[in-house]
Amino acid sequence: MQIIGKIDIEKYKNAANGEIRSGVLVLTDNQTEHIIKRRGKEFYDAYRPYFSNIAEDPDYIFLDDSHENTAIASKTIVEAGRNIHIVIRLALVSDEEGLENSIITAIVEGDKRYRQRLRNKIPLYKKG
């Protein structure tokens, strides 16, 4: 397990059905394997360095309609010319002891699909 960074609880609180335990964000070995299996080692190596920045300073945060207490942090990475999303499972005070906010997966989206997401989904948070 790697500590990726810290999230701002205020930005993410509307995605949680309860009080978020802490700001710590981790990436487990299992989820690292999941990302590599789904997106490829090349994707992981290229975008892993951005995970902290995406979570800590997202352009948008959306609710993940498919999973409870889960948010999608979205950011356009200018250097890479890509729209990257990381899906974060938020750890609540009511969850088992020791559970932290964790990255579930990472997704890259083309401009057309990203613009569609912005049109069709109401963000929980939008950067200034």
Side-chain angles (χ1 to χ4, degrees):
M1 178 169 57
Q2 315 167 49
I3 294 178
I4 299 300
K6 286 194 136 300
I7 63 168
D8 180 342
I9 293 171
E10 276 300 305
K11 289 179 184 175
Y12 287 87
K13 72 179 181 182
N14 291 331
N17 295 323
E19 185 181 345
I20 298 174
R21 177 182 304 239
S22 76
V24 175
L25 178 66
V26 300
L27 178 60
T28 65
D29 295 341
N30 283 345
Q31 294 316 119
T32 297
E33 288 176 28
H34 166 81
I35 294 168
I36 291 171
K37 182 178 177 184
R38 289 284 186 97
R39 312 283 177 241
K41 181 88 166 102
E42 188 175 297
F43 170 90
Y44 179 79
D45 291 342
Y47 297 109
R48 164 59 186 88
Y50 297 107
F51 289 0
S52 174
N53 182 259
I54 295 166
E56 293 175 359
D57 188 31
D59 293 338
Y60 298 93
I61 297 174
F62 298 97
L63 183 64
D64 180 355
D65 298 325
S66 303
H67 303 93
E68 190 174 35
N69 301 320
T70 305
I72 301 170
S74 302
K75 188 170 188 80
T76 300
I77 304 298
V78 177
E79 306 88 56
R82 304 295 246 157
N83 305 304
I84 310 296
H85 310 289
I86 56 172
V87 180
I88 302 171
R89 189 342 183 136
L90 301 166
L92 306 182
V93 171
S94 58
D95 288 334
E96 69 182 63
E97 190 64 34
L99 192 64
E100 295 291 353
N101 304 304
S102 61
I103 295 175
I104 296 173
T105 195
I107 305 161
V108 66
E109 226 171 38
D111 285 337
K112 181 178 178 181
R113 176 73 179 101
Y114 190 59
R115 285 192 308 275
Q116 181 182 19
R117 179 184 298 273
L118 294 176
R119 276 193 315 272
N120 296 335
K121 303 271 286 177
I122 297 170
L124 300 174
Y125 166 82
K126 180 179 178 183
K127 189 174 183 176

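Numbering starts at 1 and runs along the sequence shown.
- Considering OG1 of Thr70 and CD1 of Ile88, their distance stands at 9.5 Å, rounded to 0.5 Å.
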(request) Any chance you could lay out the side chain to side chain donor-acceptor pair (under 3.5 Å) test for Asp59 and Ser74, step after step, and finish with the verdict? (result) CA-CA 6 Å; Asp59 293 338; Ser74 302; over 6 Å; no
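- Considering every non-hydrogen atom in both Asn101 and Ala91, the closest pair reads OD1-N, 2.8 Å.
- In this structure, the side chains of Leu25 and Glu56 stay at 4.5 Å or more apart for every pair of heavy atoms.
- Side-chain atoms of Leu92 and Asn69, non-hydrogen and from C-beta on, do get closer than 4.5 Å to each other.
- Distance check, rounded to the nearest 0.5 Å: CZ of Arg48 to CD1 of Ile86 gives 9.5 Å.
- Residue pairs meeting the ring pair (Phe, Tyr, Trp, His ring centres under 6.0 Å) criterion with at least one partner in residues 1-27, sequence neighbours excluded, are absent.
- Taking each heavy atom of Ala55 and Pro58 in turn, the nearest pair found is O-CD, 3.5 Å.
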(message) Leu118 vs Gln116, test: side chain to side chain contact (heavy atoms under 4.5 Å, CB included). Steps then yes/no.
(response) CA-CA 5 Å; Leu118 294 176; Gln116 181 182 19; over 6 Å; no
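- For Tyr60, the ring-ring contact (aromatic ring centres under 6.0 Å, His included) partners two or more places apart in sequence, or in a different chain, are Phe62.
- Checked by atom type and distance alone, the side chain of Arg39 pairs as donor or acceptor with a backbone atom of Ala106 at under 3.5 Å.
- Every side-chain hydrogen bond (donor to acceptor under 3.5 Å, both in side chains) that Asp45 has, sequence neighbours left out, goes to Lys41.
- Taking Ile, Leu, Val, Met, Phe, Trp and Tyr as hydrophobic and joining them when side-chain heavy atoms fall under 4.5 Å apart, one finds Ile3 in a cluster with Met1, Val24, Val26.
- The CD1 atom of Ile103 sits 5.0 Å away from the CG atom of Leu27 when rounded to the nearest 0.5 Å.
- Partners of Lys126 by salt bridge (charged side-chain N to carboxylate O under 4.0 Å, His left out), not counting sequence neighbours: none found.
- Sequence neighbours left out, the pairs with a member in residues 9-28 that pass salt bridge (Lys or Arg N to Asp or Glu O under 4.0 Å) are Glu10-Lys13, Arg21-Glu97.
- Between His67 and Val87 there is no side-chain heavy-atom pair separated by less than 4.5 Å.
- The hydrophobic cluster analysis finds Val93 isolated: no Ile, Leu, Val, Met, Phe, Trp or Tyr side chain comes under 4.5 Å of it, directly or through other members.
- For Lys121, the salt bridge (charged side-chain N to carboxylate O under 4.0 Å, His left out) test picks out Asp65, with sequence neighbours left out.
- Annotation: ring-ring contact (aromatic ring centres under 6.0 Å, His included) contacts of Tyr114 (sequence neighbours excluded): His85.
- In this structure Arg117 satisfies the salt bridge (charged side-chain N to carboxylate O under 4.0 Å, His left out) test together with Glu109, sequence neighbours excluded.
- Every residue was checked against the salt bridge (charged side-chain N to carboxylate O under 4.0 Å, His left out) condition with Asp64, not counting sequence neighbours, and none meets it.
- A distance of 12.5 Å separates CD1 in Ile54 from CD1 in Ile72, rounded to the nearest 0.5 Å.
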(message) Walk me through whether Asn14 and Tyr125 qualify under side chain to side chain contact (heavy atoms under 4.5 Å, CB included).
(response) CA-CA 9 Å; Asn14 291 331; Tyr125 166 82; over 6 Å; no
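- Using a 4.5 Å cut-off on side-chain heavy atoms (C-beta onward), Val108 and Asn83 make no contact.
- Contact of the Tyr47 side chain with the Arg82 side chain is registered, since non-hydrogen atoms from C-beta on lie closer than 4.5 Å.
- Phe43 and Ile107 are members of different hydrophobic clusters when ILVMFWY side chains are connected at heavy-atom separations under 4.5 Å.
- Atom OG1 in Thr105 sits 6.5 Å away from atom CZ in Arg38 (nearest 0.5 Å).
- The distance from the CG atom of Asp95 to the CG atom of Leu90 is 9.5 Å, given to the nearest 0.5 Å.
- A pairwise comparison of heavy atoms in Ser52 and Gly5 identifies OG-CA, 4.3 Å as the closest pair.
- Taken together through direct or relayed side-chain contacts under 4.5 Å among Ile, Leu, Val, Met, Phe, Trp and Tyr, Ile84 and Ile104 form parts of separate hydrophobic clusters.
- Sorted by first and then second residue, the side-chain hydrogen bond (donor to acceptor under 3.5 Å, both in side chains) pairs with a member in residues 22-32 read Ser22-Glu100; sequence neighbours excluded.
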